[in-house]
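Reminder, nothing fancy here: chain letters follow the sequence lines and each chain counts from 1.
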Amino acid sequence: MLVVSHLTKKFGKKVIAVDDLSFNIDVGEVCILLGPNGAGKSTTIKSIAGLLQFEGGITIDGLASESMEAKRIFSYVPETPALYELLTIDEHIDFVARAYGISNYEDYKEELLERFDLTLKRKKVGRELSKGMQQKVSLCCAAITNPRFIMFDEPMIGLDPKAIKELKKLFVELKSRGCAMLISTHIIDSVEGYWDKVLIMNNSKLVREISKEELISQNIELEALYFHSTKAGE
Amino acid sequence: MGPLLYILRKTYKNAILQVFKKPASLIGYLVFIGFMIMNSIILIFDTAPTTIKQQNFDVYSILVTGFIILSIFPSLYKSTGNVNLPLRTADTHFLFTGPVKPSSILIYAQIIQSLMSVLVALLMIIQGPLLIRYLGLDMSGVWLFVFAWAFMLISFSQICMCLFTLQVKIPQLKLVFRITFFVSLLSVLMLFLYGILNGDNMLKGAVNVINHPLYDYLPFIGWYKVVFEAGIYGIDTHTIVIFSMALLVTIISSVTMIKLTDTSFYENAIGNSAKMERFREALNKGENSFKAFYQRKNKGAKKIDFQFIGSGGKVIRQKYYLELRKSSLILLYISSIVTIIGSLSVAYLMSTIDGVDGSVILSGALIVNIAMLFFNSMTSNTGELGNPYLYLIPETSLKKLYAITYWRGIKILADTIIPLILISLYFRVFQPEILIIPVITLAFGLQVYFTDIILATYIGRIGTLILRIYIKMFISMISITPMIIMIAVMLALGRPLTLTLVFTACLLVVMSGGLFILASRMFNKPEVYN
């Protein structure tokens with residue numbers, strides 16, 4: 001579904017934020033992107049989302065990531081929710097549905113609002129919402145498009161326990177529908193049990209790529225592997 | 001375009017509804033609308049004088065030309081590396097990652113830009129009475145002036161965006177554009193320098209340059225000047241020809257930009273929208289929003305060895321001192337340096353005029369100094385009050401407010417005392433009044449600051465900078481009315497200036513003291529700032 005080949009992102013001439021990164025994610029696969037602060041995770045995700053210019057190639061379902069066709073099938077939940085200050089929750093979801101050309105989304109919208117406890121707040125505008133609420137709206141907007149590939153950048157931050165539970169359920173549902181996922185996170189415990197593949201980045205490079213089966217067969221804990229790969233535990 | 005127009009429609013509709021939810025904003029907007037209505041009424045009933053001096057037209061043309069040159073060249077230069085679109089982070093998130101064509105996003109951004117430009121142009125109607133009185137314009141002339149503003153802002157944003165798109169497509173053009181702009185600016189400056197050196201005086205020399213028949217045909221600077229002058233001289237064939245040229249270039253720029261654009265402007269637009277968000281956030285917190293916009297993110301600071309001594313309010317005061325040392329030049333802020341240099345420059349310029357003695361020079365410099373202090377007070381902010389630690393530190397409200405005001409007071413005193421001392425020493429002039437002036441400026445500056453705090457504490461915070469300045473000016477004017485009346489009465493009764501100033505200082509000090517006590521009560525309402 002996602003193929004990243006030799007992705008390099010430089011800021012100016014000196015700063016290399018992502019250095020020659022290559023990996024792929026298959027249909028229905030959940031890939032976790034781990035790494036210490038400044039490792040290049042968010043830059044990688046933003047490059048895939050088409051928000052940054054980069055060197056190398058990125059395709060989604062065989063389509064160039066910046067093409068309209070690719071954008072139609074993927075969604076992105078940013079680290080910091082970015083909502084329109086003067087659009088209500090309802091209007092945000094309606095806008096996204098219209099932009100993606102989705103019809104008959106009303107029932108799913110109601111379901112998402114209910115699951116994330118947003119039904120009563122649906123007429124509130126973006127600037128009236130707390131950061132956690134904004135994150136929930138961001139999640140709803142991403143899910144409403146029924147994406148085939150979705151990226152989450154630190155999705156748990158700011159969410160209450162119920163929303164975290166719902167988000168984990170959403171991961172399972174999306175996976176069962178064949179949606180590929182790339183989740184960037186610092187909280188290793190939060191993704192235990194959902195992932196199929198893990199990518200560990202350090203100092204702008206991909207230092208480890210391992211599947212769950214390989215990890216189990218080698219009898220290593222994910223946390224131990226992370227600290228070993230990034231030397232953060234020393 | 002449908003979903004994008006949906007955002008615009010809903011945003012403007014909700015913006016109007018939101019105004020009614022916030023009493024402070026509503027009052028602010030009502031004051032502002034009232035001011036605009038009052039201005040319009042003056043415009044309708046105001047009549048132009050029968051004779052207008054030619055010098056007025058010349059000054060208008062020079063001011064317009066200066067403004068055009070100062071706005072155009074920096075914008076042109078900036079457009080070779082930066083895209084200036086009014087997009088928010090929500091736009092960059094939803095639109096850039098969604099299936100929306102880059103050209104549609106650009107059109108959407110240009111619609112927002114155009115609406116903003118029209119709004120700015122409409123605000124220019126404030127200048128209406130001045131235009132009628134000094135240039136003899138009628139109502140249609142004032143509207144042409146407003147149109148000229150809107151046209152220049154809209155047209156120029158299209159041209160800059162087109163240049164940016166072109167240099168993204170063909171990177172080699174960046175250098176070509178930069179060299180062209182630099183050479184053009186140099187040529188224009190040389191042209192004016194030549195004109196000034198060959199004229200009877202600076203004004204006449206510059207007027208001769210812009211009145212040259214070929215000047216109107218110079219791209220942008222000549223074209224926009226003709227559009228601005230249409231309100232005075234009327235619309236004739238020459239105006240239509242020049243306007244058509246400007247319009248044609250604008251249309252070609254828009255079409256080129258839309259045809260050529262792709263996703264390559266996204267990264268630049270994201271950086272710019274992040275800066276705009278920092279600007280807005282600082283504005284909402286009452287911090288220095290321009291500093292937030294222009295200062296590089298994660299910028300370091302000078303390393304200073306410092307040890308806090310004491311506790312409570314003392315430590316708060318020392319924290320401001322530490323910050324001042326880290327961010328200032330020899331304990332002077334940039335605004336102080338500008339104020340001091342401004343006052344000294346005026347003094348120097350006045351000294352070059354024959355027959356002007358030391359006391360007149362001192363008065364002139366003082367007027368400039370007070371005007372700059374007034375401007376600084378109007379645009380100052382209460383950003384530090386958003387820091388929760390201020391509310392948590394165990395100290396009395398009065399001592400806390402004294403601690404956070406202390407260095408502000410020192411700054412105001414320094415801004416007035418330094419130029420006064422330098423001018424007095426250099427021109428060997430001493431007047432006893434200069435001992436009282438710093439007290440007056442200090443009391444007035446603090447009065448404005450305390451008024452800002454009181455306003456926020458009792459009617460809520462006003463997010464819009466312009467609106468806040470208007471309200472502050474309005475209240476400051478009311479608060480200094482007793483002082484003005486007292487000065488007028490004392491001078492009318494023939495009392496000496498020194499005595500009048502002493503009374504003025506006393507009155508302002510008493511008023512500032514009262515406001516200080518009232519403002520300290522903001523510590524009882526921490527929710528205003530947190």
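For Leu17(B), no part lies under 4.5 angstrom from a heavy atom of chain A. With a threshold of 4.5 angstrom between heavy atoms, Phe11(A) approaches chain B through side-chain atoms but not through N, CA, C or O. For a residue to count as touching a neighbouring chain, one of its non-hydrogen atoms must lie under 4.5 Å from one of that chain's; by this rule Ile7(B) touches chain A with backbone and side chain alike.
Pairs passing the ring pair (Phe, Tyr, Trp, His ring centres under 6.0 Å) check and including a residue from residues 109-160 of chain A, sequence neighbours excluded, read Phe152(A)-Phe171(A).
Within a 6.0 Å sphere centred on CZ of Phe23(A), other residues, nucleotides and ligands contribute more than 12 heavy atoms.
Per-residue counts of heavy-atom pairs under 4.5 Å with chain B were compared for Pro78(A), Ala70(A), Ala49(A), Gly50(A); the largest is that of Pro78(A). Among Leu86(A), Val96(A), Val125(A), the residue with the largest count of heavy-atom pairs under 4.5 Å with chain B is Leu86(A).
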Could you pull out every donor-acceptor pair under 3.5 Å between chain B and chain A?
{"residue": "Asn14(B)", "atom": "ND2", "partner": "Leu86(A)", "partner atom": "O", "Å": "2.4"}
{"residue": "Asn14(B)", "atom": "ND2", "partner": "Glu91(A)", "partner atom": "OE1", "Å": "2.8"}
{"residue": "Arg88(B)", "atom": "NH2", "partner": "Glu85(A)", "partner atom": "OE2", "Å": "3.0"}
{"residue": "Asp91(B)", "atom": "OD1", "partner": "Tyr84(A)", "partner atom": "OH", "Å": "2.6"}
{"residue": "Phe96(B)", "atom": "O", "partner": "Lys71(A)", "partner atom": "NZ", "Å": "2.4"}
{"residue": "Glu267(B)", "atom": "OE1", "partner": "Lys9(A)", "partner atom": "NZ", "Å": "2.8"}
{"residue": "Glu267(B)", "atom": "OE1", "partner": "Gln53(A)", "partner atom": "N", "Å": "2.7"}
{"residue": "Glu267(B)", "atom": "OE2", "partner": "Lys9(A)", "partner atom": "NZ", "Å": "2.9"}

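Ala99(A) and Pro99(B) make their closest contact through O-CG, 3.5 Å (heavy atoms, listed as atom of the first residue, atom of the second, distance).
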